[in-house]
A.B. asks: 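Mind having a look at this structure? Questions to follow.
All values below were derived from every heavy atom in this structure, side-chain atoms included, with hydrogens, water molecules and symmetry-related copies excluded. Below, chains carry the letters A, B, ... as their sequence lines are ordered, and counting in each starts from 1.
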2 protein chains.
Amino acid sequence: MNKKPTIKEVAKYAGVSPATVSYVLNGVKKVSNETKKRVLEAVDQLNYYPDFTAISLSKRKSNLIGIMLPLIEDTPASVFKNNFYYTEFVSGVELVSRNRKFDTMITGVGNPEECRQWVKKRNLDGLIFLGLFPEKLYNEMKTLNIPIVLIDTYEKYTNLFSNIQVNDELGGYLAASHLIELGHKDIAFIATDLKSSPVDAKRYQGYKRALQETGIKFNEKLTYQTYDITFEHGKKVAEEILKSEQKPTGIVTVSDVLAIGIMKALQMKHIQVPNDYSIVGFDDLSISEYTTPSLTTVRQDIFEKGKYAANLLINAIESEDVEHQTVELPVELIIRQSTKAL
Amino acid sequence: MNKKPTIKEVAKYAGVSPATVSYVLNGVKKVSNETKKRVLEAVDQLNYYPDFTAISLSKRKSNLIGIMLPLIEDTPASVFKNNFYYTEFVSGVELVSRNRKFDTMITGVGNPEECRQWVKKRNLDGLIFLGLFPEKLYNEMKTLNIPIVLIDTYEKYTNLFSNIQVNDELGGYLAASHLIELGHKDIAFIATDLKSSPVDAKRYQGYKRALQETGIKFNEKLTYQTYDITFEHGKKVAEEILKSEQKPTGIVTVSDVLAIGIMKALQMKHIQVPNDYSIVGFDDLSISEYTTPSLTTVRQDIFEKGKYAANLLINAIESEDVEHQTVELPVELIIRQSTKAL
DNA sequence: CTGAAAGCGCTTACAG
DNA sequence: CTGAAAGCGCTTACAG
């Protein structure tokens, strides 16, 4: 295969200087229409397209965005494996990024230093942080001076970076209210980690608000934390719940994955969902419609979230806009079969 | 933040030329131990790490590998969404790639031309093709002259590229044999697409071999094709099966996703798995242990597959090894609750 | 063993 | 409106 033509060859073919070719390709300065035409034709004839590596080096802009994945035991695998969430998100990012002429790199992140080096050595134009990272990472990243968008982060960092989130409070509220309407009063709340996950905390707030508004007394003993999102952890809380003396009749959960794990554990003990326990998840994963019973859940559009994040990021890159914005995407209760009137 | 030091600054600090710094960093030529030490110290002091963009431009090697994802309706989303498969695979690739100092880019692929441009403009060192692509793409890619590893491809391209696959024939055999041992004789085979998917075809062969070896007559009417891998498509075949007059008692499937869709459809009609139908999946997704009933399936280690692919690819890149190899990873029957003696 | 110089493929003041 | 030249941060024959 004949190799890719360079800008020089295009210039020669068009009878102009490389600089001129660069000008027309970048739409910069005023090039006479005639020479512009000649250049464009040369580009077309030679099937020229620029070398991004070279552009990256001279412009110090790579047209590359990076997605930081949280690592568990040094690999993003486990998070990917149990949290189908991420995968859809990444697809959303890839789609808009490709359409907007950016490429997307992914990495599991190690320490902050490694992360900064990754950005620097590849000249990344922007970053998306998917998930929760140690605080010092954010501080480190702040000094990088490139647009960064955070996903599902609250408080502390919100004003330092752009942020895409979902109406978590409302989600928790919707889930709990649904159960309450069905006549449930003893409603458990299953979180991952209320302290370190602000997302969980918000949903928890919503849950509490629903109780409060309907005059149901909040019972701390009905709150559980799993510290991880896997089916297995769902199973484990279910066992805890069964052992406790404060038995709920309804269960609000912070993730479909957890909800599915819980259902499984119950079913293994021949306890029926929704007859014995009503369960509501969060996310609406594609699997959730196909479990038995299908899962009532709070839906968020994760693919949309990915697209939104990419658009926001690329906007910031292209306009060098320093305004950080935080965007809140809607949430919707999807009623299926895992919940039932008491 | 002070900006990243360049090789010049390191050279100055060490009192040598940039060339020398480059030599020691690349372990090339013989640099006296003493100056080497000085350089290394400078590197350390200044916290220097090279700019990959520059290296990429001058070496024409990017330390970048690309993963091509199949596109559905212009986005990888849907395939990602229903095929949890890919996500684990990508994690495996990312892990070894990172450990071996490569970065990984992902893209949905459009047409062959777009694909070649992607490789060229980013100077990608190697490519992994995940899934099935149109034939002309392979031909086009062949002219790129970079190492490429294909996943789950058979025949035609096997000798043009490296290939990682799984013992599909055995997988089909294992699944069918298991059912046969349980006393099933009318065993359906649910494929995606026997014509265009060689993977399916191999599993089908294995299934037939199992029938043959035990003297069960193969019945073509028990073969179904879904033409896509989604829960929904699983549901649809289940309905077809229920409508047909040739009812199986056991069902062998080419994917857990399909199997789960089938189970769902049956359960919605109050048909019991495994009492009325025994079902075996393929892949062993993490969800498959958590469905009710949990799914008997043929396990393949997809994460391992990703790691293997990345290692093979990077080996080829680094040794400029032109030998294409095809590697076959093992497969294992995991017996759970969706199958039962007749 | 070490360095000056050219080059990778672009971009961008600057001059005309 | 157009081009020559320097520069982005490296590498690598080549010469010494």
Side-chain angles (χ1 to χ4, degrees), chain A residues 2-40 42-43 46-64 101 117-125, chain B residues 2-40 42-43 46-64 101 103 117 119-125:
Chain A
N2 38 6
K3 64 186 277 299
K4 184 176 171 339
T6 70
I7 200 170
K8 268 193 198 167
E9 306 176 65
V10 175
K12 192 185 229 173
Y13 189 98
V16 298
S17 74
T20 301
V21 176
S22 172
Y23 293 148
V24 351
L25 257 23
N26 289 292
V28 91
K29 295 220 181 166
K30 344 161 192 180
V31 180
S32 76
N33 274 326
E34 210 217 323
T35 71
K36 187 187 287 185
K37 218 177 85 188
R38 282 224 310 285
V39 169
L40 258 17
V43 165
L46 301 179
N47 188 26
Y48 172 79
Y49 48 96
D51 183 320
F52 273 52
T53 306
I55 294 179
S56 179
L57 186 59
S58 70
K59 275 201 189 172
R60 309 266 78 198
K61 173 175 191 307
S62 60
N63 273 66
L64 231 35
K101 309 299 175 206
Q117 292 197 4
W118 189 57
V119 171
K120 287 292 196 179
K121 75 182 187 198
R122 291 288 180 197
N123 244 299
L124 300 185
D125 293 338
Chain B
N2 38 7
K3 64 187 275 299
K4 184 176 170 341
T6 69
I7 200 170
K8 267 192 200 168
E9 306 176 66
V10 175
K12 193 185 228 173
Y13 189 99
V16 298
S17 75
T20 301
V21 176
S22 172
Y23 293 147
V24 352
L25 257 23
N26 288 291
V28 91
K29 293 219 181 168
K30 345 162 191 178
V31 180
S32 76
N33 274 326
E34 209 217 324
T35 72
K36 186 187 288 185
K37 218 176 86 190
R38 283 224 310 286
V39 168
L40 258 16
V43 165
L46 301 178
N47 188 26
Y48 171 79
Y49 49 97
D51 182 320
F52 273 51
T53 305
I55 294 179
S56 179
L57 187 58
S58 71
K59 274 201 189 172
R60 310 267 75 197
K61 173 174 190 308
S62 59
N63 272 66
L64 230 35
K101 308 300 175 206
D103 280 318
Q117 292 196 5
V119 171
K120 286 293 197 179
K121 75 183 187 197
R122 290 289 180 197
N123 245 299
L124 299 186
D125 292 339

A.B. asks: Using the side-chain heavy atoms of B:A19, tell me which of these nucleotides is nearest: D:dT12, D:dA4, C:dG9.
C.D. replies: D:dT12
A.B. asks: How far apart are the closest heavy atoms of A:P50 and A:I55, and which atoms are they?
C.D. replies: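 Smallest interatomic distance, heavy atoms only, reads CB-CD1, 3.6 Å.
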A.B. asks: Side chain of B:V16: nearest nucleotide among C:dT11, C:dG3, D:dC10?
C.D. replies: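 Of the candidates, C:dG3 comes closest.
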A.B. asks: Check the phosphate of C:dG9 against B:R60, side-chain N and O only, distance under 4.0 Å to OP1 or OP2. Yes or no?
C.D. replies: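 Yes, such a contact exists.
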A.B. asks: Would you call B:D103 and A:R122 a salt bridge, using N to O less than 4.0 angstrom?
C.D. replies: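 Judged by the 4.0 Å cut-off on N to carboxylate O distance, B:D103 and A:R122 do form a salt bridge.
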A.B. asks: I want to verify a distance call: between D:dC1, C:dG7, D:dA4, whose nearest atom is closest to the A:S17 side chain?
C.D. replies: D:dA4
A.B. asks: State whether A:T20 places a side-chain N or O below 4.0 Å from either non-bridging phosphate oxygen (OP1 or OP2) of D:dG3.
C.D. replies: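 So the side chain of A:T20 is within the cut-off, an N or O lying under 4.0 Å from OP1 or OP2 of D:dG3.
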A.B. asks: How close do A:V21 and A:A11 get, counting heavy atoms only, and between which atoms?
C.D. replies: CG2-CA, 3.7 Å
A.B. asks: Looking only at the side chain of A:K59 (C-beta and beyond, no hydrogens), which of the listed nucleotides C:dT2, C:dT12, D:dC1 gets closest?
C.D. replies: C:dT12
A.B. asks: Mind calculating the distance between NZ (B:K8) and C1' (D:dT11) to the nearest angstrom?
C.D. replies: 14 Å
A.B. asks: Should C:dC1 form a Watson-Crick or G-U wobble pair with both distances under 3.5 Å, which nucleotide is its partner?
C.D. replies: D:dG16
A.B. asks: So, does the side chain of A:Y48 form a donor-acceptor pair with the base of C:dG9 at under 3.5 Å?
C.D. replies: no
A.B. asks: If I take atom CG in residue B:N26 and atom P in nucleotide D:dA13, what distance separates them, rounded to the nearest angstrom?
C.D. replies: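 Going from B:N26 (CG) to D:dA13 (P), I get 12 Å.
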A.B. asks: Mind calculating the distance between CG (A:L25) and C1' (C:dC10) to the nearest angstrom?
C.D. replies: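 The answer, rounded to whole Å, is 11 Å.
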A.B. asks: Which nucleotide sits closest to the side chain of A:A54: C:dG9, D:dC8, C:dT11?
C.D. replies: C:dG9
A.B. asks: When all nucleic acid strands are considered with a 4.0 Å heavy-atom cut-off, which category describes B:S22: base, sugar-phosphate, or nothing?
C.D. replies: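 Result for B:S22 = base.
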A.B. asks: Tell me what A:T35 touches on the nucleic acid: a base, only sugar-phosphate, or nothing, going by heavy atoms under 4.0 Å.
C.D. replies: sugar-phosphate
A.B. asks: Please state how far atom NZ in B:K61 lies from atom C1' in D:dT11, giving the value in whole angstrom units.
C.D. replies: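 Between C1' of D:dT11 and NZ of B:K61: 13 Å.
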A.B. asks: Less than 3.5 Å apart, any donor N or O on the side chain of A:S17 or A:T20 sitting next to an acceptor on the other?
C.D. replies: yes
A.B. asks: Once you round it to whole Å, what is the distance between P of C:dG9 and CG of A:D51?
C.D. replies: 7 Å
A.B. asks: To the nearest angstrom, how far is B:I7 atom CD1 from D:dT11 atom P?
C.D. replies: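 So the CD1-P distance, B:I7 to D:dT11, works out to 5 Å.
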A.B. asks: Which part of the nucleic acid, if any, lies within contact of B:Y23, taking any heavy atom under 4.0 Å across all strands shown: a base, the sugar-phosphate backbone alone, or nothing?
C.D. replies: base
A.B. asks: Would you call B:D125 and B:K59 a salt bridge, taking side-chain N to carboxylate O under 4.0 Å as the test?
C.D. replies: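 Looking at B:K59 together with B:D125, the answer is no, because their closest N to O distance does not fall below 4.0 Å.
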A.B. asks: Indicate yes or no: at least one non-hydrogen side-chain atom of B:K12 is less than 4.5 angstrom from one of B:L46.
C.D. replies: no
A.B. asks: Please classify the nucleic acid contact of A:V28 as base, sugar-phosphate, or nothing, using heavy-atom distances under 4.0 Å.
C.D. replies: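 No contact.
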A.B. asks: May I have the distance from B:E34 (atom CD) to C:dT2 (atom C1'), rounded to whole angstrom?
C.D. replies: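 The answer, rounded to whole Å, is 13 Å.
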A.B. asks: To the side chain of A:I55, which of D:dT11, C:dT11, C:dG3 is closest?
C.D. replies: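 From the listed options, C:dT11 comes nearest.
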A.B. asks: Expressed as a whole number of angstroms, how long is the span from A:F52:CZ to D:dC8:C1'?
C.D. replies: 17 Å
A.B. asks: Would you say A:S32 reaches D:dT2's phosphate, i.e. side-chain N/O to OP1/OP2 under 4.0 Å?
C.D. replies: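 For D:dT2, OP1 or OP2 has a side-chain N or O of A:S32 closer than 4.0 Å.
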